[in-house]
**Q** 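My questions will all concern the structure given below.
In this chain, numbering begins with 1 at the start of the sequence shown.
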Amino acid sequence: ACAVLTGIGTVRKDNPQLNVRAVATPRQPLRVVVDTRFEIHEEALILAGGNALLAVCVDISLPAYADKAAALRDRGVEIIRTPTDSSSGKVDLTFLIKALGDRGCNEVHVEGGAKLTGAMMREDLIDEWLVYLAPLMLGEGMPMADELGPYQAIADAPRWRFKQPTMVGDALRVQLVKS
């Protein structure tokens with residue numbers, strides 16, 4: 001993927017790097033964090049080493065944000081201000097995806113939680129799912145996508161088709177594409 005996209009909730013909870021480490025690669029993906037209120041900690045691992053973009057919808061020239069923005073820019077982090085989505089009050093994801101496309105990102109991997117994934121689904125910004133099922137269960141479990149319905153009729157629900165189920169080690173990788 002050209003870019004890996006995640007939300008601030010995942011960054012706060014997991015402090016991921018979201019870079020390629022296990023195999024040799026000619027380039028690292030652009031690491032993109034959706035952070036509506038500019039809450040990211042300056043030492044978050046995802047921002048290490050540059051090649052990171054932070055999408056916020058607050059005015060970073062305001063005194064409350066300016067010093068933090070400058071410190072992140074000094075570390076090679078690019079910050080873009082997106083419009084605010086009128087229905088959610090959050091980062092306008094359609095604007096963000098178009099901005100990534102304008103930068104030549106033709107494949108964006110979303111490695112987010114249920115809130116970001118649900119928002120991407122509601123905006124019809126997902127055209128493929130890669131789901132990994134491991135042969136063990138841990139924790140309480142979490143939804144894959146929040147606030148998607150409820151759909152009242154089968155005809156209203158998004159339609160997907162299976163493509164290329166593959167074993168990856170002990171896990172099953174299921175690919176779903178839009179019908």
**Q** Check the side chains of E111 and H109 for a donor-acceptor pair under 3.5 angstrom, ignoring hydrogens and angles.
**A**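 Short answer, yes.
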**Q** Given 3.5 Å as the limit, does a donor-acceptor pair link the side chain of T166 with the main chain of Q164, or not?
**A**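 Indeed, once roles are kept as given, a pair shorter than 3.5 Å links the two residues.
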**Q** With a 3.5 Å distance limit and no angle check, can you tell me whether K115 reaches the backbone of A145 through a side-chain donor-acceptor pair?
**A**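 Such a contact is absent between K115 side chain and A145 backbone.
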**Q** Taking the side chain as every heavy atom from C-beta outward, state whether I154 and R159 have any pair of such atoms under 4.5 Å apart.
**A**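 A side-chain contact exists here, since the closest heavy-atom pair is under 4.5 Å.
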**Q** Please say which of L30, L18, V34 ends up in a side chain to side chain contact (heavy atoms under 4.5 Å, CB included) with L5.
**A**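 Of the listed options, the one satisfying the test is V34.
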**Q** Does I40 reach the side chain of L47, with side-chain heavy atoms less than 4.5 Å apart?
**A**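 Of all side-chain heavy-atom pairs linking L47 with I40, at least one is under 4.5 Å.
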**Q** Are the side chains of M144 and V131 in contact, using a 4.5 Å heavy-atom criterion?
**A**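 Heavy-atom side-chain distance check passes, below 4.5 Å.
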**Q** Report yes if the side chains of R103 and L53 come closer than 4.5 Å at any heavy-atom pair, otherwise no.
**A**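 Side-chain contact under 4.5 Å: yes.
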**Q** CG of N15 to OG1 of T10: how many Å apart, nearest 0.5 Å?
**A**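 Here the interatomic distance stands at 11.5 Å.
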**Q** Hey, does T6 have a side-chain heavy atom less than 4.5 Å from the side chain of V110?
**A**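 V110 does not reach T6 side chain to side chain.
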**Q** Could you tell me whether the side chain of R31 and the main chain of A48 form a donor-acceptor pair under 3.5 Å?
**A**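 Yes, the answer is positive, given that a donor and an acceptor are paired below the 3.5 Å cut-off.
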**Q** Show the numbers, then the answer: is there a side-chain contact (heavy atoms from CB on, under 4.5 Å) between L176 and L130?
**A** CA-CA 7 Å; L176 297 109; L130 294 175; over 6 Å; no
**Q** Between D85 and G89 (side chain of the first, backbone of the second, donor and acceptor by atom type, cut-off under 3.5 Å), is there such a pair?
**A**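 Checking the backbone N and O of G89 against the side chain of D85, no donor-acceptor pair under 3.5 Å is found.
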**Q** Is K178 salt-bridged to E128, going by a charged N under 4.0 Å from an acidic O?
**A**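 Result for this pair is no, no salt bridge flagged.
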**Q** Crowded around L62 CG? As in, over 12 foreign heavy atoms under 6.0 Å?
**A**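 Yes, enclosed.
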**Q** Short question: side chain of R21, backbone of N19 - any donor-acceptor pair under 3.5 Å?
**A**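 Answer holds: yes.
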